[in-house]
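Worksheet: the structure to be examined is printed underneath.
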Amino acid sequence: MFQKQIDPQEITQSELKLTVDTETTFQSMDGFGFTLSQGSAKHLLGMSKEARAEILQELFGNGENDIRISYLRLSVAASDLNEYPFSYNDLEDSLATDPNLTQFSLGPDTLDVIPVLKQILKINPNIKLMASPWSPPAWMKDNKDTRGGSLLEEYEGTYACYLVNYIQAMKELGIEIDALTIQNEPLHPGNNPSLLMLPEQLARFIGLHLGPAFEENGIKTKIVVYDHNADRPDYPIAVLRDTLANPFIDGSAFHLYGGEIEALSEVHQAFPDKNIYFTEQWIGAPGSLEGDMPWHVKNLIIGASRNWAKTVLEWNLTSNPELTPFTDRGGCDRCLGAVTIDGDSVTRNPAYYIIAHASKFVDPGSVRVDSNPLDGLANVAFVRPDRKKVLIVLNESDEAKSFKIQEKEKIFEAALNPGAVGTWIW
């Protein structure tokens, strides 16, 4: 993508120079991607076999025209982009309980999410998977409802076994869950499904129940806390301060519907031995490439990565023209997928291009390296496992910018139009 290599002597102090320092390293990257919801799976299964194979190859393949998505988030049972809320241990009698989990079953996910996931794994067997529950079974909750309420303390041990069962059941199907966030948006009980889980309960649940259950069953899946907005860094810090929970916790996850992306670094500074993940951000329909691209690239692809995130995930893989399915009582009715599927027709939406700028070039295992901030030119740099360097730059100013890129003795000319994003590789 470079236009011209130039002599270092040609650069003057007045010119903009973006310097990549490969000797100063930060976190390694697990990947860039989306959430595979039930809705996404249903849209894909509604395509012809040939059309589905073609778009899955483009999204997850390694070819010249593929965008090489390397990370997917799944919901443990239903999310709010399902047709209806469900858990893996629902009971017909609203007063019944099942503390031994005799009725546990992956149920509806075996009809859509799991078949599509198996097709994706054939294309990219190395894709990493994160799972996130939206709610425990209703009978474990104080309000006996899929929406809101809290997990009853008496069922914390049972719920830990429920999550163990999920990871083991998926493994039996050949699906390895790399990381588990304990609760999607634990401070947002107004969604359906959802759960209110305060930091003291989350710490107790991990320290006394989930961590020991994982250990006892030899489960290596990473335990990740919080999974909510950057306006409450105090939440993951409080959980990580718990001496019982801390040894079991790999790191914390964030969304950006509130707060500033720099809060991720606040948590990293408090606990530098724990990882940071960015796991969700939506784009509202109909979407605007001109408006969505700069904000998401600046705050997520560049911003989250520069603030220690090992993953950068947009919310949803696909939508249909009707933006269905979604649950009642709080499901997202305006969530625009990376692609819109209408029969066999595919429309690529802003999130597709946002993630592709990174996923196509920044391989898993790449290490973020230092690059200097420049006024109007937000940027982030990586060194890949094959030692190639990748630089992503956004021109967030209102005018075209020409600049130099320097890495050791190499110096290149570059230019970006206002609002444009460029990915350079050398």
Query raised in the report: If you measure only the distance, is there a donor-acceptor pair under 3.5 Å linking the side chains of Lys17 and Gln406?
Result: yes
Report task. Answer yes if the side chains of Tyr257 and Glu280 hold a donor-acceptor pair under 3.5 Å, and no otherwise. Result -> yes
Query - Asn184 and Ser75: side chain donor to acceptor below 3.5 Å - result: no
Query raised in the report: Under the side-chain hydrogen bond (donor to acceptor under 3.5 Å, both in side chains) criterion, do Ser70 and Lys128 qualify, and how do the steps go?
Result: CA-CA 7 Å; Ser70 51; Lys128 286 193 173 182; over 6 Å; no
Requested in this report: May I ask you to say whether Arg384 pairs ionically with Asp386, meaning some side-chain N is under 4.0 Å from a carboxylate O?
Outcome: yes
Query raised in the report: Can you name the residues that form a ring pair (Phe, Tyr, Trp, His ring centres under 6.0 Å) with Phe86, not counting sequence neighbours?
Result: Tyr84
Report task. Can you sort out the partners of Asp80 under salt bridge (Lys or Arg N to Asp or Glu O under 4.0 Å), two or more places apart, ordered by chain and number? Result -> none
Query raised in the report: Are a donor atom and an acceptor atom from the side chains of Asn320 and Thr340 found within less than 3.5 Å of each other?
Result: no
Query raised in the report: Taking Asn299 for the side chain and Gly303 for the main chain, is one N or O donor matched with an acceptor at less than 3.5 Å?
Result: no
Requested in this report: Mark yes when over 12 heavy atoms from residues, nucleotides or ligands other than Asp375 sit less than 6.0 Å from its CG; otherwise mark no.
Outcome: no
Report task. For Phe403, enumerate each residue passing the ring pair (Phe, Tyr, Trp, His ring centres under 6.0 Å) test, keeping only those at least two apart in sequence or located in another chain. Result -> Trp424
Report summary line: Those residues at least two apart in sequence (or on a different chain) that pass side chain to side chain contact (heavy atoms under 4.5 Å, CB included) with Pro385 are Asp363, Ser366
Report task. Dump the intermediate steps for side chain to side chain contact (heavy atoms under 4.5 Å, CB included) on Ser305 and Met29, then the final yes or no. Result -> CA-CA 8 Å; Ser305 297; Met29 303 302 294; 3.9 Å; yes
Report task. Look up atom OG1 in Thr35 and atom OH in Tyr71, then write down how far apart they are to the nearest 0.5 Å. Result -> 10.5 Å
Query raised in the report: Has Asp273 got more than 12 heavy atoms of other residues, nucleotides or ligands less than 6.0 Å from its CG?
Result: yes
Report task. Please test Gln27 against Asn275 for side chain to side chain contact (heavy atoms under 4.5 Å, CB included), starting from the C-alpha separation and ending with a verdict. Result -> CA-CA 8 Å; Gln27 81 277 20; Asn275 289 315; over 6 Å; no
Query raised in the report: Are Lys42 and Glu83 within salt-bridge range, i.e. N to O under 4.0 Å?
Result: yes
Query raised in the report: Atom CG in Leu36, atom CG in Leu81: separation rounded to 0.5 Å?
Result: 11.0 Å
Query raised in the report: Is a side-chain donor-acceptor pair under 3.5 Å present for Glu407 with Trp426?
Result: yes
Query raised in the report: Between Asp66 and Gln57, do the side chains contain an N or O donor and an N or O acceptor separated by less than 3.5 Å?
Result: yes
Query raised in the report: Could you give the distance from NE2 (His228) to CZ (Phe254), rounded to the nearest 0.5 Å?
Result: 11.5 Å
Query - Distance-only side-chain donor-acceptor flag, Asn82 / Thr327, under 3.5 Å - result: no
**Report entry** Flag for His255-Gln281: side-chain donor and acceptor within less than 3.5 Å
**Finding:** no
Query raised in the report: How about Lys274: does its NZ atom have over 12 heavy atoms from other parts shown lying under 6.0 Å from it?
Result: yes
Report summary line: Distance col, row Lys171:NZ vs Thr221:OG1, nearest 0.5 angstrom, shows 8.5 Å
Query raised in the report: Roughly how far apart are Ile127 CD1 and Arg68 CZ, rounded to 0.5 Å?
Result: 11.5 Å
Query raised in the report: How long is the span from the CD1 atom in Ile392 to the OG1 atom in Thr423, to the nearest 0.5 Å?
Result: 4.5 Å
Can you give me every donor-acceptor pair (side chain of residues 376-383, partner residue at least two apart or in another chain, under 3.5 Å) with its distance?
residue: Asn379; atom: OD1; partner: Arg306; partner atom: NH1; Å: 3.3
residue: Asn379; atom: OD1; partner: Ser371; partner atom: OG; Å: 2.5
residue: Asn379; atom: ND2; partner: Asn372; partner atom: O; Å: 3.1
residue: Asn379; atom: ND2; partner: Leu377; partner atom: O; Å: 3.0

**Report entry** ring-ring contact (aromatic ring centres under 6.0 Å, His included) contacts in which one or both residues fall within residues 159-208, not counting sequence neighbours
**Finding:** Tyr88-Tyr166, Phe104-Tyr162, Tyr159-Tyr162, Tyr159-Phe205
Query raised in the report: Sequence neighbours excluded, which residues qualify as side-chain hydrogen bond (donor to acceptor under 3.5 Å, both in side chains) partners of Ser132?
Result: Arg73, Thr181, Asp227
Query raised in the report: Listed by chain and number, what are the salt bridge (Lys or Arg N to Asp or Glu O under 4.0 Å) partners of Lys360, not counting sequence neighbours?
Result: none
Query raised in the report: Which of parallel (below 30°), tilted (30 to 60°) and perpendicular (above 60°) describes Trp308 and Phe26?
Result: perpendicular
Query - Partners meeting side chain to side chain contact (heavy atoms under 4.5 Å, CB included) with Ser135 (sequence neighbours left out) - result: Lys141, Pro193
**Report entry** Cys335: partners by disulfide bond (SG atoms under 2.5 Å apart), with sequence neighbours left out
**Finding:** Cys332
Query raised in the report: What residues form a side chain to side chain contact (heavy atoms under 4.5 Å, CB included) with Ala338, not counting sequence neighbours?
Result: Phe34, Ala351, Tyr352
Report task. Go through the steps for Tyr353 and Arg348 under the test side chain to side chain contact (heavy atoms under 4.5 Å, CB included), then give the verdict. Result -> CA-CA 8 Å; Tyr353 297 102; Arg348 290 152 190 82; 3.6 Å; yes
Requested in this report: Could you walk me through whether Met293 and Val421 pass the side chain to side chain contact (heavy atoms under 4.5 Å, CB included) test, one step at a time?
Outcome: CA-CA 8 Å; Met293 188 91 171; Val421 183; 4.0 Å; yes
Report task. Please name all residues satisfying side chain to side chain contact (heavy atoms under 4.5 Å, CB included) with Leu45, sequence neighbours left out, ordered by chain then number. Result -> Arg52, Asp112, Val116, Gln119
**Report entry** Whether over 12 other heavy atoms sit under 6.0 Å from Gln201 CD
**Finding:** yes
Query - Pair Asn395-Ser397, side-chain donor/acceptor within less than 3.5 Å - result: yes
